[in-house]
Amino acid sequence: MTDGSSPLWAGRFSTPPAAEAHALGRSLHFDVRLATVDVDASIAHVRALQDAGLLDADEAATLEEALAAVGDDIAEGRFVFQAADEDIHSAIERGVTERLGDLGAKLHAGRSRNDLVVTDLRLWLLAAGRRIDGLVVALAEALIARAREHAGTVMPGTTHARFAQPITLGHHLLAHAWALSRDLERLSEWSVRTSTSALGAGATATSTLGLDPDMTAARLGMHRAFSNSIDAVSDRDFVQEFLAVAAICATHLSRLAADLVRWTDESLGWASLDEAYSTGSSMMPQKRNPDTAELARGKAARVAGDFVSLTALLQGLPLGYHRDLQEDKEPAFDAADTLEQVLPAMTGAISTIRFDVDAMRAACAAEGLYATDLAEALVRDGVPFREAHRRTGELLKRVDEESRSLADLTEEEWTEFGVVGGAERLDPDRSVASRTMPGGPSAENVRWQADALEATIAGRPTP
Ligand code: ARG
């Protein structure tokens with residue numbers, strides 16, 4: 001080793017690792033983020049050793065204090081890492097051993113980095129999951145607040161990004177919030193499965209030392225201990241599932257972002273992002289670009305990539321610990337970091353975006369938006385829908401060919417068509433108000449949905 005110290009397995013070896021092999025294997029630069037949870041897991045393990053009679057109470061307390069002190073040193077940047085420290089687990093054990101000598105050397109009894117690293121990562125991801133849950137809630141609440149404000153704001157609803165039927169802005173905003181509520185549900189369900197301690201599994205086959213994994217799990221505030229030591233050290237489902245949940249959430253954010261980009265496009269002009277969430281151009285003075293939304297859209301690609309990386313890493317890997325598994329952490333950290341960056345930016349963008357309600361209403365002058373309402377008016381009078389669809393299509397075609405608009409039709413023409421008072425139906429407020437069925441765009445439904453979503457969020461099992 002560059003500094004002459006021996007690695008953890010020096011007894012059986014006569015040659016230290018080659019510098020380039022050590023460089024390849026070193027994970028300290030990224031797994032240093034596990035320091036706090038590694039100390040917590042190590043303290044729980046110390047208590048297990050004490051319960052098993054392998055440490056007396058004084059020894060356990062001394063080890064616990066040293067672990068906490070090393071943890072503080074790392075957190076405050078005082079800890080001196082050495083080139084030989086392969087990962088955070090070995091660095092912390094070295095720090096403790098340097099403080100305590102022989103007593104420190106008792107710490108690793110009955111455990112392996114294999115059961116330790118997986119417990120650490122579970123603890124770290126559970127904490128990240130709780131932070132992400134809070135950030136998703138904040139964005140959902142911002143959407144709900146804006147939706148309440150715009151419960152009755154009419155706008156063209158689209159399919160294929162083409163004008164379809166009138167909706168309310170509140171209804172559209174809540175569609176995004178409902179998607180986020182499913183992310184919250186997924187996070188909480190994932191966290192239940194993830195809250196499993198692997199400590200006691202050792203390298204692959206537990207130990208002969210009489211440790212109590214259930215007690216250790218309880219000390220860590222985890223729901224349960226592993227049931228199979230091989231599964232305990234091999235399982236990375238919890239990372240893969242976290243990445244799947246994160247990728248789905250990032251996808252939702254990207255779709256919200258895509259709507260913001262579209263609405264703020266000057267050809268629609270339905271909204272403008274606050275300056276604080278826009279950027280100018282270095283060359284074109286007039287520009288106001290939706291970079292925050294574009295980045296939220298683009299970042300979804302990397303989170304999806306994180307999921308794919310981990311899935312590729314795991315598929316075909318036999319059970320047991322393999323060093324390949326060290327590659328699980330960077331995608332996990334990256335996905336959590338990305339969500340923690342994008343979510344608050346989108347919350348800010350949504351809270352401050354200005355909607356041009358007049359432009360949205362003006363766009364509702366497009367008469368095609370009311371074609372389905374006209375066909376349904378015929379259906380309510382007993383006309384079979386296919387015929388109603390055809391008759392309405394023919395009416396639109398005729399009006400188009402005569403270079404007229406539906407608003408120009410006389411009452412006789414409407415009567416002939418089969419809808420009395422047809423002209424009054426070309427009205428976005430009337431159109432949305434008439435869709436009273438649950439789940440629809442009327443202002444009343446939007447307020448009902450907002451209440452229901454708030455109740456769902458408030459009553460959710462938190463991760
Ligand atoms: N740094 C390693 C990882 O992240 C810790 C486990 C090492 N275990 C081993 N058997 N080499 O996976």
Side-chain angles (χ1 to χ4, degrees), residues 1 5-13 15-18 20-42 44-45 67 70-71 74 79 81-97 107-128 194 196-207 226 229-240 242-243 306 309-315 317-337:
M1 308 292 297
S5 39
S6 326
L8 305 171
W9 51 87
R12 175 68 180 78
F13 279 59
T15 313
E20 56 276 26
H22 177 66
L24 175 64
R26 200 165 195 251
S27 54
L28 185 66
H29 56 287
F30 55 86
D31 65 22
V32 66
R33 300 179 70 173
L34 298 176
T36 309
V37 287
D38 195 82
V39 166
D40 294 344
S42 298
H45 178 67
L67 279 161
V70 169
I74 294 173
F79 189 83
F81 288 103
Q82 294 181 357
D85 292 333
E86 185 182 285
D87 56 24
I88 189 62
H89 326 287
S90 47
I92 290 176
E93 190 188 339
R94 177 184 60 76
V96 169
T97 308
L107 172 63
H108 210 58
R111 77 172 189 181
S112 156
R113 284 180 297 162
N114 300 354
D115 57 348
L116 180 60
V117 69
V118 84
T119 304
D120 286 2
L121 190 54
R122 284 172 184 273
L123 290 169
W124 192 92
L125 280 175
L126 285 167
T194 299
T196 303
S197 168
L199 283 179
T204 197
T206 72
S207 72
F226 66 95
S229 61
I230 301 171
D231 183 38
V233 296
S234 310
D235 172 16
R236 294 296 183 282
D237 299 4
F238 68 99
V239 189
Q240 197 180 14
F242 172 78
L243 291 173
D306 292 330
S309 293
L310 191 85
T311 302
L313 178 75
L314 296 178
Q315 62 93 23
L317 198 65
L319 291 187
Y321 178 82
H322 306 266
R323 194 59 176 274
D324 313 43
L325 292 173
Q326 180 166 291
E327 293 292 310
D328 61 356
K329 279 168 279 300
E330 284 164 295
F333 293 155
D334 183 70
D337 290 347

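In listed order, ligands and their atoms are each counted from 1.
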Nearest non-hydrogen protein atom, [atom]:
atom                    : value
atom 4 (O) of ligand 1  : Lys329 NZ, 2.7 Å
atom 3 (C) of ligand 1  : Tyr321 OH, 3.2 Å
atom 10 (N) of ligand 1 : Asn114 OD1, 3.1 Å
atom 11 (N) of ligand 1 : Arg113 NH2, 3.6 Å

Can you name the atoms of ligand 1, numbered from 1 with element, that are less than 4.0 Å from a heavy atom of Gln326? 1 (N), 2 (C), 3 (C), 4 (O), 12 (O)
Using a 4.0 Å cutoff against the non-hydrogen atoms of Ser27, which atoms of ligand 1 qualify? 1 (N)
Mind checking ring-ring contact (aromatic ring centres under 6.0 Å, His included) for Phe79 and listing every partner two or more places apart, or none if nothing turns up? Phe81
N-O pairing of Asp120 and Lys329 below 4.0 Å: no
If you measure from the Lys or Arg side-chain nitrogens to the Asp or Glu carboxylate oxygens, is any gap between Arg113 and Asp31 under 4.0 Å? no
May I ask you to check if ligand 1 and Asp87 share an N or O to N or O distance below 3.5 Å? yes
Which pair of heavy atoms, one from Ser229 and one from Thr206, lies closest together, and at what distance? CB-CG2, 3.6 Å
Between Asp87 and Leu28, which heavy-atom pair has the shortest distance, and what is it? C-CD1, 3.7 Å
Evaluate the side-chain proximity of Leu319 to Asp231: yes if any heavy-atom separation is below 4.5 Å, no if none is. no
